[in-house]
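For reference, the structure is listed below as structure tokens.
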Amino acid sequence: MSLYWDVYHETMSREQLADIQLKRLKSLVQRVYTSVPFYRQAFQEKGISPGDINSLDDLKNLPFTTKKDLRDTYPFGLFAVPRSEIVRMHASSGTTGKPIVVGYTKRDLETWSDLVARCITVAGGTKEDVVQNAYGYGLFTGGLGIHYGAERLGATIVPISGGNTARQIMLMQDFGTTILTCTPSYALYLAEEIHAAGVDLKNLRLKAGIFGAEPWSDNMRIQLEEKLGISAHDIYGLSEVLGPGVGVECSCKNGLHIFEDHFIPEIIDPKTEQPVPYGQKGELVFTTLTKEGFPVIRYRTRDISALHPEKCACGRTHLRMERITGRTDDMLIIRGVNVFPSQIESVLLEFGETEPHYLLVVDRKAGMDDLEIQVELSQKMFSDKVAALEVLERRLRQRILSVLGISARIRLVEPKSLPRSEGKAKRVIDKREL
Ligand code: DLL
């Protein structure tokens with residue numbers, strides 16, 4: 001089994017990597033300055049011209065790009081090539097108003113496929129694998145992004161897209177699927193349905209899952225690995241920067257390797273906008289080094305993570321990013337305390353008496369924030385005595401209080417009663433008028 005897809009770039013020394021990055025950064029800055037009026041103006045406002053970028057450290061002098069900038073230039077304002085050079089577009093849904101539109105040149109699609117092939121290899125895949133791709137196909141980057149990467153690797157791709165769970169399970173058995181790709185919440189639903197259908201894991205050939213597009217916790221990983229008998233890997237990406245393929249976990253599961261030959265990641269303090277040291281949490285910011293159609297300079301993702309530079313036991317030299325714990329805009333502020341849904345998920349899963357299906361309902365009652373955590377009981381607990389449920393409820397409440405510092409009401413609900421998702425799960429209902 002080949003451990004690396006591109007051994008040269010994946011294991012080069014940090015000095016060599018920095019050389020490549022600087023060369024690519026200089027060319028990127030020149031390119032966007034010449035061809036994207038938005039960037040030229042933003043640079044001029046800061047008094048910067050392409051000649052001022054002489055070291056990687058100079059990156060911090062460049063302006064940020066935000067989601068608002070993407071909206072204001074909708075649909076094609078940030079494309080760096082004529083529209084006729086764009087061979088594919090994707091768009092991220094966005095909850096309000098117009099979507100974010102991104103465009104790819106022919107070469108961008110090749111780079112993307114190559115990076116996704118790299119991701120699948122990092123997660124242990126080879127051309128011998130059968131990849132069942134249950135990410136949604138369409139404007140969402142998940143489906144087509146994984147699809148062409150798996151083809152590039154030479155694996156057998158099953159382009160089933162999301163949903164149609166019974167058929168997923170049938171094909172998984174009949175085609176001998178070895179790698180499942182979908183959101184972690186859909187993987188969990190699939191796992192439950194596999195068990196409910198009485199399918200013996202021994203009759204499946206699944207060995208790995210490549211799950212992403214939404215936050216999930218290490219405790220969720222344990223559940224998925226157990227329920228599906230696989231090794232579960234976190235994959236990260238966002239439409240504005242590429243789609244899936246910006247980074248992925250290797251077998252060490254010690255953070256996601258960010259492919260630094262193509263992207264420069266930074267962590268900033270979202271308030272002061274200043275870079276923070278390695279190891280410290282903050283907002284993830286990306287500069288794309290090789291994208292032609294839709295390059296971005298210092299794009300503020302709103303995702304929260306930290307970066308670690310130490311070389312990984314897998315031999316890769318690229319930085320590792322901690323699992324995303326949430327987004328600056330998903331962060332709930334409840335009675336003044338910052339809370340991320342994934343922290344609550346982690347606590348709920350410590351117990352093993354509830355299922356990893358939960359919903360957070362936030363409301364304001366008599367001027368006070370109120371958090372209700374609805375969580376499904378495991379089948380075994382469900383048939384238990386009321387007294388046992390009361391004890392569980394109390395233990396969960398206490399644990400949430402000690403870990404997060406807030407009190408919450410716990411509502412234990414029947415197994416399978418909360419809505420399931422085929423794509424990104426909705427975990428929070430915020431009824432407060434903020
Ligand atoms: O979700 C791309 C993707 C597809 C990634 C398939 C992985 C697998 P968007 O729809 O633009 O793109 O959403 C991007 O999703 O800013 C994060 O908030 C979140 N996200 C993506 N991957 C992860 C992950 C795709 N592994 C937004 N962990 C990002 C946590 C993730 N959040």
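Atoms within each ligand, like the ligands themselves, are counted from 1 in listed order.
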Identity and separation of the nearest protein heavy atom to [atom]:
| atom | answer |
| --- | --- |
| atom 11 (O) of ligand 1 | S239 OG, 2.5 Å |
| atom 22 (N) of ligand 1 | A213 N, 3.0 Å |
| atom 25 (C) of ligand 1 | G237 O, 3.6 Å |
| atom 16 (O) of ligand 1 | D303 OD2, 2.6 Å |

Check: W112 ring centre within less than 6.0 Å of H262 ring centre: no
Check each atom of ligand 1 against the heavy atoms of [X] and keep those under 4.0 Å away; list them by number with element.
| X | result |
| --- | --- |
| Y135 | 6 (C), 8 (C) |
| G142 | 4 (C), 6 (C) |
| E214 | 20 (N), 23 (C), 24 (C), 28 (N), 30 (C), 31 (C), 32 (N) |

message: Taking distance alone, with N or O pairs closer than 3.5 Å, would you say W216 contacts ligand 1?
response: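 In fact, backbone or side chain, W216 has no N or O that close.
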message: Could you tell me if the side chain of K291 sits less than 4.5 Å from the side chain of R107, heavy atoms only?
response: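 No, too far: nothing below the 4.5 Å cut-off.
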Going by atom types alone, do [X] and [Y] pair a side-chain donor with an acceptor below 3.5 Å?
| X | Y | value |
| --- | --- | --- |
| E192 | H357 | yes |
| D114 | T111 | no |
| Q374 | E372 | yes |

- prompt: Between E266 and R300, does at least one N-O distance fall below 4.0 Å, as a salt bridge requires?
  reply: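 A salt bridge is absent here (no side-chain N lies under 4.0 Å from a carboxylate O).
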message: I need the contact type for L238 against ligand 1. Using non-hydrogen atoms and a strict under-4.0 Å cut-off, is it side chain, backbone, both or neither?
response: both
- prompt: Just heavy atoms, cut-off under 4.0 Å: does R302 contact ligand 1 by side chain, backbone, both, or neither?
  reply: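 Neither part.
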Using distance only, find each side-chain donor-acceptor pair of residues 158-167 under 3.5 Å and give its atom names and separation, not counting sequence neighbours.
from	atom 1	to	atom 2	distance (Å)
S161	OG	Y137	N	3.1
T165	OG1	Y186	OH	2.9

message: Against ligand 1, does K424 come closer than 4.0 Å with any heavy atom?
response: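 Per 4.0 Å heavy-atom rule, K424 contacts ligand 1.
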message: Holding to side-chain contact (heavy atoms from CB on, under 4.5 Å), I want the full list of residues that pass it with Y74, two or more places apart in sequence or in another chain.
response: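 Y74 satisfies side-chain contact (heavy atoms from CB on, under 4.5 Å) with K98, P99, V101 once adjacent residues are dropped.
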